[in-house]
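Small disclaimer: the values here were computed from a predicted structure and weren't measured. So that the names make sense, note that chain A is the first sequence line, chain B the second, and so on, each numbered from 1.
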Amino acid sequence: MPKQKLLMIGNGMAGVRTIEEILDRDPEKYDITIIGDEPHPNYNRIMLSNILQNKMTPSEIILNDETWYASNNITLHTDEKAILIDRHTNTVTTTKRNISYDKLILATGSRAFILPIPGADLEGVLGFRTIADTEKMIETSKKYERATVIGGGLLGLEAARGLLDQGMDVTVIHLADWLMETQLDAKAGELLKADLEKQGMKFLMQKATAKIIGKSRVTGLAFKDGTQIETDLVVMAIGIKPEIELAQHANLPTGRGIVVDDFLNTADPDIFAVGECAEHNGIAYGLVAPLYEQGKVLADHLCGIENKGYRGSKMFTQLKVSGCDLFSAGDIKETADIKGVTIFNSIENKYKKIFMRDEKLVGVVLYGDTTEGNRLYNLLKKEEELTDFTLVSLLHKSGESENVSVAEMPDDESVCGCNGVTKGDITRAITDKGLTTIGEVTAHTKAGGSCGKCKPIIGDILEHTLGDDFVSAAPAGICGCTDLTRDQLIIQIRAKQLQTAKEVRHVLAFRNPEGCSKCRPALNYYLNMIWPQTHADEPESRYVNERLHANIQNDGTYSVIPRMYAGQTDPQQLIKIAKVAEKYNVPLLKLTGGQRIGLYGVKKEDLPKIWEELDMRSGFAYGKTLRTVKSCVGSKFCRFGTQDALALGEALERQFEFVDTPHKFKMGVSGCPRSCVESGVKDYGIICVENGYQIYIGGNGGTEVKEAQLLTTVATEQEVLDICSAFVQYYRETGVYMERTAPWLERMGMEHVREIILDPTEQAKLKDTLAEALAGRDDPWKQVLEDEEKQKLYHVERV
Amino acid sequence: MEKKYIADLENLTPLIGREIIMDGTTIALFRLTDDSVKAIENRCPHKNGPLAEGTVSGTNVFCPLHDYKISLETGVVAAPDEGCVKTYETVIENGKIYLVTAL
Ligand SMILES: Cc1cc2nc3c(=O)[nH]c(=O)nc-3n(C[C@H](O)[C@H](O)[C@H](O)COP(=O)(O)OP(=O)(O)OC[C@H]3O[C@@H](n4cnc5c(N)ncnc54)[C@H](O)[C@@H]3O)c2cc1C
Ligand code: SF4
Ligand code: FES
C-alpha cells in the first residue's frame with residue numbers, strides 16, 4: 001500500500017515539532033512534504049532576540065538543518081508560499097506548483113500586527129517576527145541612530161534591548177500605565193522600567209500613536225495628544241495576528257485563529273491546524289509551550305495512538321533581557337476572591353507577589369530573582385490546596401532562594417517549561433542513556449532547546465545525578481575555583497552581561513574570589529573576546545610573558561624577539577641588533593624556530609631600553625597570539641616557486657599581528673608543494689600551487705604533532721586572507737583557553753568548521769567581528785615606551 | 001628593630017609584584033586587593049623562579065615558572081609541592097612602605 005501523503009503548510013516551530021513527534025512515533029507512516037515561505041530551514045524564532053542582542057548568530061539558531069529533512073525523507077520547499085487550498089480535490093496550490101494531500105496540517109503561525117494608521121507602509125517601519133526582520137533592524141542600525149519601538153510588552157522590550165545593543169538611541173512607546181501590563185502588576189512593571197532606564201532605554205508612557213510621519217522613509221511619529229517625536233526606525237510590537245487567510249478562503253471556520261477541536265482537527269476531517277494559527281476553546285496561544293503540547297496530541301492522533309485530547313494550557317512568561325529577571329504566571333489581577341501577598345526587598349530589588357484563591361496558588365509575579373519560578377509554577381499547575389505551613393514556606397523561601405536545590409526538587413517538577421520536560425524525564429534520560437552534558441540532554445529530551453533559560457538547572461541536575469561521575473564524565477569546571485565549563489561561562493557572561501572578571505567570579509559564585517593562575521588569564525581572554533571594545537584588559541591577570549611582553553627564561557631573564565615580517569630583515573636592522581647585543585652583553589643571539597632573530601638572557605630592567613634602541617616592533621614570540629608567519633622565498637627567487645609566498649606571508653603577518661587567540665597560532669606559506677616551511681604542521685598553512693593556494697588548517701608541531709587538513713583551494717591572495725579572518729575568529733569565539741587548533745578542530749569537527757568558514761555570509765560576519773576586535777590595537781613595545789606608568793612594571797628598586 | 005623605607009604604596013599596582021634589592025637580597029613586594037602589603041624572598045624554593053612576576057590571588061602567589069603556589073603570609077608552599085620562602089614584615093605609614101628588620 002502506498003504511504004499516505006501528509007502535507008504541512010508552514011515550516012516553523014510548532015509545525016516542525018509536530019512532524020518530529022510523528023517521526024518519533026511512526027517514521028514510516030507518512031510521505032511528508034513541507035512548504036515554507038521563509039528561505040530558511042526551521043529555526044528557533046525565540047532566539048531572534050538573542051541575535052539582535054549580539055548573543056547568538058543566525059546559524060546557531062537553526063533547529064533542523066537541511067540534512068535533517070533529507071535524512072527523514074521529508075520533501076522541503078522553502079521560499080514558497082501556499083496560496084490556495086482546494087478541499088474538493090485535496091490539493092494545495094503554491095507559488096510554484098500543485099501538491100495533493102491525504103492529510104493537511106496548517107502551521108502558518110502568525111504575523112506581526114501592524115497598526116492600521118497612516119504611514120504604516122513607509123520604509124523603516126517593521127515588525128519583529130523573522131530572520132529577515134532582524135537582519136533589517138541590524139542593517140538599519142548601521143546607517144541610522146534613532147529607533148522607536150511601539151509596544152512595551154515582551155517582544156517590544158526585547159527588540160528595544162537589542163536595538164540598544166546595536167548602538168541605537170531607543171524609545172519605547174507604551175499605551176498602558178506600566179510595562180508588560182498583562183503579565184506584571186504595577187509594582188513589578190515600575191521596577192522593570194527603572195532597570196531598563198538604567199540600561200539607557202527611554203520611555204513614553206500612556207501614549208497612543210496616531211500617525212507615522214515621512215515621505216518615503218519614516219522620519220517621525222505623531223501621537224493622539226498632539227505631540228511628536230523624530231525617529232529613523234519604527235518597530236511595531238503591539239501584538240500578533242494569526243495567519244488564517246488560507247483557511248478563510250477554504251471556508252473553514254475561523255475566529256481569531258483557525259478553529260480546532262481537542263484533536264486539532266478543523267471542520268474538515270482531513271485538515272488540522274497547530275501552533276499560533278490555531279484557536280482552541282477560544283484561545284490562540286502565543287508561546288511555544290502550549291504549541292508543543294498541541295503537537296504531541298496531533299502526532300498521537302495522526303499515528304492512531306489513543307490520546308485524551310488537548311485541554312488547553314497554563315502559561316508562564318520570562319523576559320530575555322539581561323539584568324531584568326522576571327517571571328510571571330497565571331492570574332495576576334486582584335479581585336474580590338483573588339488576594340495577593342507581596343514581599344519586597346528594596347535593597348536587592350527583589351520583588352515577589354503571589355496570588356491566592358480559595359487556598360490555592362493561582363498567580364505569581366517575580367522580579368529580580370526568578371529562581372523560584374519553576375517551583376511556584378508547578379504548585380500553580382497542580383492546583384493543590386496549600387496548608388498554612390506551605391503558605392509560610394512559600395513566602396519565606398524568598399531571599400534564601402538562591403540555592404534552590406535540585407536534590408529537593410520533586411520528580412514531576414517542570415524544568416523546561418517551553419518543552420514540558422520534568423526533572424524526572426531528565427534524570428531518566430541521564431541514567432538510561434548515559435548522558436553527561438547539557439547538549440546531550442537537550443538532544444535527547446529537548447529540554448533547554450527553546451528559550452534556553454533552564455540550562456543552568458539542567459547542569460545542576462546532571463551534576464546531582466551523576467555525582468562523582470559528573471566530574472570525570474562531563475567537561476569539568478575550568479579550574480578549581482568553579483564547576484562551570486568554558487561554554488557555561490561564556491553563555492553566562494553573555495546572558496548576564498558580565499563586564500569584568502571580578503563580576504564573573506562574584507555573580508557565578510567562584511569558590512575563590514580572586515581566582516587562580518588558571519582561571520585569571522582565561523577569564524581575561526574570554527572577556528576580551530566577548531567585549532572587544534569595552535573590556536579593560538587586566539595586566540595583573542596576564543601571565544608574566546604577556547604582561548611584560550617578553551618571554552621569561554629559566555633564570556628569570558627574558559628574551560627579545562623583534563618582528564621580521566615573513567622572516568625578512570635588512571642591513572640597518574641587523575646593524576642595530578648587533579649594536580644592542582654588544583652594548584647590553586646579550587649572552588645569546590640565535591635564530592628561532594620561526595625564522596626570527598632572538599636576543600636571549602636580557603634583564604627585565606633593560607627591556608624597554610633595548611626596545612627603544614632596536615626601534616622594531618614586538619614579534620609576539622611570548623603570547624597566545626599569532627607568533628610568526630614562516631615563509632619561503634617562493635617565486636621571487638626559487639626556481640620551483642609558483643606564487644609570491646613572501647608577499648603573502650608578509651600580508652598575513654601584517655593583518656593578524658595583534659590578534660589574541662586561545663593559544664599560540666602559527667602560520668606558514670610555502671611557494672610550492674615541496675613545502676620548505678612545513679606548512680603541513682601549521683595552524684594555518686598555505687601551499688602555493690600553479691592555479692592558486694591550498695589552505696591547510698589545524699596542524700600543530702608541538703607536544704603532539706598533528707598534520708594539518710586541507711580546507712580548500714582558492715584562486716586569490718584576498719581569499720586566503722578572508723578565510724584566515726573567518727578561521728581565526730571562529731577559533732577565538734569557540735576555542736577553550738589554552739586549546740590549540742588541532743584539538744579544537746577535532747572537537748568541533750572538520751566538516752562543521754568548513755561549513756561555517758566557507759559560507760559566504762558567515763565568513764563575512766566573522767571577518768567583520770574580527771576587524772572590529774582588532775581596531776585600534778597597536779605595538780605593545782611602543783605603548784610601553786610612550787607610557788611612564790607602564791614602564792614602572794620593569795623597575796627594580798634598590799634600597 | 002629597624003625600619004627601612006622601600007617604596008610608596010601609590011607606586012605599586014595591586015596584584016602586580018615589584019622587585020626590591022636590599023643589601024644584595026632580592027625581595028618581592030606585593031600590594032593586595034585590600035591595600036595591605038606583603039613582602040617575601042624573591043626566589044621560588046623550586047628552581048629560583050622570580051616570585052615578583054607571579055600571579056597573585058588572595059594571599060597567595062603562583063610562581064611564574066612552574067606554578068608553585070606560595071603563601072604570602074607564611075611563605076609556605078601549598079601541597080602537594082613542598083618548600084618555604086622567607087617572609088618580611090612591613091608597615092605602611094603615610095603611604096610609605098617600610099620593611100621591618102631585626103637588627
Ligand atoms: C522575537 C521573538 C521572541 C519570542 N520569544 C519567545 C519566548 O521567549 N518564549 C516563547 O515561548 N515564545 C516566544 N516567541 C514566540 C514563538 O516564537 C512562537 O510562539 C512560535 O514560533 C510559533 O510557532 P508556529 O509554528 O506556530 O509559527 P512560526 O514559528 O511563525 O511558523 C510559521 C511559519 O509558517 C510560514 N507561513 C505562513 N503562511 C505561509 C504560507 N501561506 N505558505 C508557506 N509558509 C507560510 C511562516 O513564514 C513561518 O515560517 C517569540 C517570538 C519572537 C518573534
Ligand atoms: S616551498 Fe617550493 S617554492 Fe618554496 S622554497 Fe621550497 S621549493 Fe622553493
Ligand atoms: S621555580 Fe617556582 S615553580 Fe618552579
Summary of ring-ring contact (aromatic ring centres under 6.0 Å, His included) pairs that have at least one residue in residues 535-563 of chain A, sequence neighbours excluded: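 Counting only pairs at least two positions apart or across chains, the ring-ring contact (aromatic ring centres under 6.0 Å, His included) contacts touching residues 535-563 of chain A are A:H549-A:Y622.
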Report the distance from atom [atom1] of [X] to atom [atom2] of [Y], rounding to the nearest 0.5 Å.
X	Y	atom1	atom2	answer
A:N545	B:E53	CG	CD	10.0 Å
B:R31	A:E540	CZ	CD	11.5 Å
B:E19	A:E605	CD	CD	7.0 Å
B:I16	A:L548	CD1	CG	8.5 Å

Around atom [atom1] of [X], are there more than 12 heavy atoms of other residues, nucleotides or ligands at under 6.0 Å?
X	atom1	result
B:R43	CZ	no
B:E82	CD	no
A:E788	CD	no

Is [Y] close to [X] at the side-chain level, that is, under 4.5 Å between some pair of heavy atoms?
X	Y	result
A:V799	B:I20	yes
A:K792	B:L12	no
A:E797	B:R18	yes

When A:G556, A:P539, A:C516 are compared by non-hydrogen pairs under 4.5 Å with chain B, the top option: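 When all of A:G556, A:P539, A:C516 are compared, A:C516 has the most.
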Option that, when pairs with chain B are counted at under 4.5 Å, heavy atom only, ranks first among A:R542, A:H795, A:R547, A:K518: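 Winner by heavy-atom pair count: A:R547.
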Per-residue contact mode, A:R520 against chain B (heavy atom under 4.5 angstrom):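 Answer is side chain: those atoms of A:R520 sit under 4.5 Å from chain B.
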Per-residue contact mode, A:Q553 against chain B (heavy atom under 4.5 angstrom):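 For A:Q553, backbone heavy atoms alone lie under 4.5 Å from chain B.
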Main-chain N/O of B:S57 paired with A:E514 side-chain donor or acceptor, under 3.5 Å: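 No; judged by distance alone, with no hydrogens or angles, the pair does not exist.
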B:T55 backbone acceptor or donor facing A:S517 side chain under 3.5 Å: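 No, A:S517 side chain to B:T55 backbone: no donor-acceptor pair under 3.5 Å.
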Between B:T26, B:N11, B:I27, the one whose heavy-atom pairs under 4.5 Å with chain A are most numerous: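 Among B:T26, B:N11, B:I27, the one with the most close pairs to chain A is B:N11.
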Those residues that, when tested against A:Q499, pass side chain to side chain contact (heavy atoms under 4.5 Å, CB included) (two or more places apart):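 Counting only residues at least two positions away or on another chain, A:Q499 forms a side chain to side chain contact (heavy atoms under 4.5 Å, CB included) with A:Q497, A:E503, A:W531, A:T534.
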Region of B:V56 in contact with chain A, defined by heavy-atom distances below 4.5 Å: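 Only the backbone of B:V56 comes within 4.5 Å of chain A.
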Contact summary for B:L65 and A:N554, nearest pair of heavy atoms: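 Nearest pair, atom of B:L65 first, then A:N554: CD1-O, 3.6 Å.
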